[in-house]
Amino acid sequence: MPTVVLPDGSSRDYEGAVSVADIAASIGAGLARAALAGRVDGELVDTSFVVENDCELAIITARDTDGLEVLRHSCAHLMAQAVQRLFPEAQVTVGPVVEDGFFYDFAYERPFTPEDLEKIEAKMREIVSENLPVERSVMSRDDAIATFEGMGEKYKVDIIKSIPGDEALSFYRQGDFIDLCRGPHVPETGKFKAFKLTSVAGAYWRGDASNEMLQRVHGTAWGDKKDLEQYLQRLEEAEKRDHRKIGKKLSLFHFQEEAPGMVFWHPKGWAVYQVIQHYMQKLQQDNGYQEIRTPQLVDYSLWERSGHADKFAEQMFSVESDSRLYAIKPMNCPCHVQVFNQGLRSYRDLPLRLAEFGSCHRYEPSGSMHGLMRVRSFTQDDGHIFCPESSIQDEVAIFMELLFGVYKDFGFDDIILRLSTRPEMRVGSDELWDKSELALKQALNSSGLPWELLPGEGAFYGPKIEFSLKDCMGRIQQCGTIQVDFSMPERLGAQYVAEDGSRQTPVMLHRAILGSFERFIGVLIEHYAGAMPVWLAPEQVVIMNITDKQAEYCESVQKTLANKGFRASADLRNEKVGFKIREHTIAKTPFMLVAGDREVETGSVSVRTREGVDLGSMPVDAFVEHLSAAVARLGRTEAN
RNA sequence: GCUCGCAUAGCUCAGAGGUAGAGCACUUCAUUGGUAAUGAAGAGGUCUCCGGUUCAACUCCGGAUGUGAGCACCA
């Protein structure tokens, strides 16, 4: 006589053991149709799961996040079934759920083509219309291995063998297809209303580049057609915001074959870069950093001493000159230690905060480059804090405060914090790791923000915090970081004289707020779809005449604005004002000023924004005030 | 680096085994027009590069380079 408590708090009694599907049916026919799975006392189960005792139960539909996951996971099975019907030689491997969809990896004699994808999708629809029941079963490991060996599925056999423990394994069968799976799954193949295969690409077996390459087919699945449509629109929107596209359209920068992975900044892109750099420069000055500049080429031996040559030799550019080997600097830290090492340092000098807009070159693998997001030549807003072990927590807390302010100024309010702790391969005593991990944890906790733990993901020299921001498309972009390093100061002989006269090795905190200018600007472009906040806009104002008669007036207004430090230009071309408005709107210039005879007479300008809002005519002074306020707001929203 | 795709005018893209087209941009002329495209004319391409097949290659084949998606990598 189970009593089932539903999410709304109501409860229902049943005569005897009853399946989740039956419970759904007893609540309503609509719910029964929509039911994809159940959650019994917090655990996800199939709708065929039989409830025998009192429990809390929720019927899971495509409206639940969990339901969508079940749907997508089942859709991966559906796809695998379709592939095996079309290509009996293809072997199945794994097919997990990913954000917004799923994929399945197949081993096949040749890569799938886009035409194959269409065929697979058609076959999937066929299987949907067959409405095959999806049935769970349990097999012992030995039986499972024998079964899949019999089918010639060697990858599955591998997977089964690699699952630890020796309890029985669950399998899901739908018609002619069976797959190893924890489940749960949808009750029958008729449940799929909206799915689409999106792409095919290679992926290594077990994610290891030394293994053979499989065919990974990506797909997406949703509760209904409307959601699918919305998702596809979101993809389109993301494509429109692609910083590579906008960068070209707005002439911010370009790349060319002669310098792969290195940016040619155009005047407008460089203007943005400069604004950001000046902003950071001022910020760091105001917050106890001293700016330095270190060489581009440094003898290879320094990189050997720092340990980088060992690990990253292949990713370092080098130059030979006078039979000496130099590395083009791939990072700034060893150079900063050299600056620290000049002269004898006292504990009174600490914390010593050195900052550099450090230009670095790394030979990134060709396939990893991506517009501004991953380049071979980039500039970090790098900084290193040399301090005694005891100040780690304070320094980290101060840094985080600084970083949050910067992100807000750029218009990012949603920040994600992650702590990466000791990896297997590491230097330094456990005691040291304990201390610094604790320091980072305490700094995180005192920020009051939620944070995530990534065990084992720290650098070999110390734990780190990574700061990611969420852009307006909900994508997570890693930018800032602070890392504790107990290794490099020692390797490179950094020391200071402590209060008691003894020589001590300082701890070094590596930190960056933006990460790299290139990447950060890429993120900004996508976040704002090119329409930068006024303080960052490469061109803040353009003033245009209606006829040649107002040319002189426009020039004088332009000069007035430029003298006040605004980025203003005059568009005096012999074109209709509508044409000019259109061009500058497309160019995302925040303010467009029009001057005709009326404005000349009254010493005013007619103001229009790139959003198409007409602010009417106003005296030039009034506009200057308006503009100043817009600039001063930075990227902050009203609330912040 | 790996798998698959792509590479045509400054940009966005069409295009057939018989040495190329559109729109925008550019130049010139006319036009002086009040808030998202004034009209006309002109100029512009060793069709990424190197090989091969062919009477003939921008087109087919191979390679290189760059680039796109995904994987791997990311101090």
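Below, read A as the first sequence line, B as the second, and so on, with proteins coming before strands; counting in each chain starts at 1.
- Judged by the 6.0 Å and 45° rule, A:R72 forms no cation-pi pair with A:F102.
- Note on A:R110: every side-chain N or O is 4.0 Å or more away from OP1 and OP2 of B:U3.
- Comparing B:G34, B:U67, B:U12 by their nearest atom to the side chain of A:K248 picks out B:U12.
- Within the 6.0 Å centre-distance limit, the rings of A:F106 and A:Y104 are counted as a close aromatic pair.
- Base pairing analysis places B:G45 opposite nothing; no Watson-Crick or G-U wobble pair with both distances below 3.5 Å involves it.
- With both pairing distances under 3.5 Å, B:A75 is matched to nothing as a Watson-Crick or G-U wobble pair.
- In a base pair of the Watson-Crick type (N1 to N3 plus N6-O4 or O6-N4) or a G-U wobble (N1-O2 and O6-N3), with each distance short of 3.5 Å, B:G51 is matched with B:C61.
- Residue A:E212 places its CD atom among more than 12 non-hydrogen atoms of other residues, nucleotides or ligands, all under 6.0 Å distant.
- Of the nucleotides present, none pairs with B:G17 by Watson-Crick or G-U wobble criteria with both distances under 3.5 Å.
- Pairing for B:A30 is with B:U38, a Watson-Crick or G-U wobble pair whose two hydrogen-bonding atom distances lie under 3.5 Å.
- The base of B:C4 has none of its N or O atoms less than 3.5 Å from a complementary donor or acceptor on the side chain of A:R216.
- Base pairing annotation: B:U3 forms a Watson-Crick or G-U wobble pair with B:A69, both donor-acceptor distances under 3.5 Å.
- Residue A:Y204 places a side-chain atom within donor-acceptor reach of the base of B:G1, judged by atom type and a 3.5 Å distance cut-off alone.
- Pairing of B:A22, defined by two Watson-Crick or G-U wobble distances under 3.5 Å, is identified with B:U12.
- Here A:H370 reaches the OP1 or OP2 of B:A69: one of its side-chain N or O atoms lies under 4.0 Å away.
- Under the 6.0 Å cut-off for aromatic ring centres, A:H384 and A:F340 do not qualify, their centroids lying 6.0 Å or more apart.
- Here A:F579 does not lie in a stacked arrangement on the base of B:A36, lacking the combination of planes under 30° and ring centres under 5.5 Å apart.
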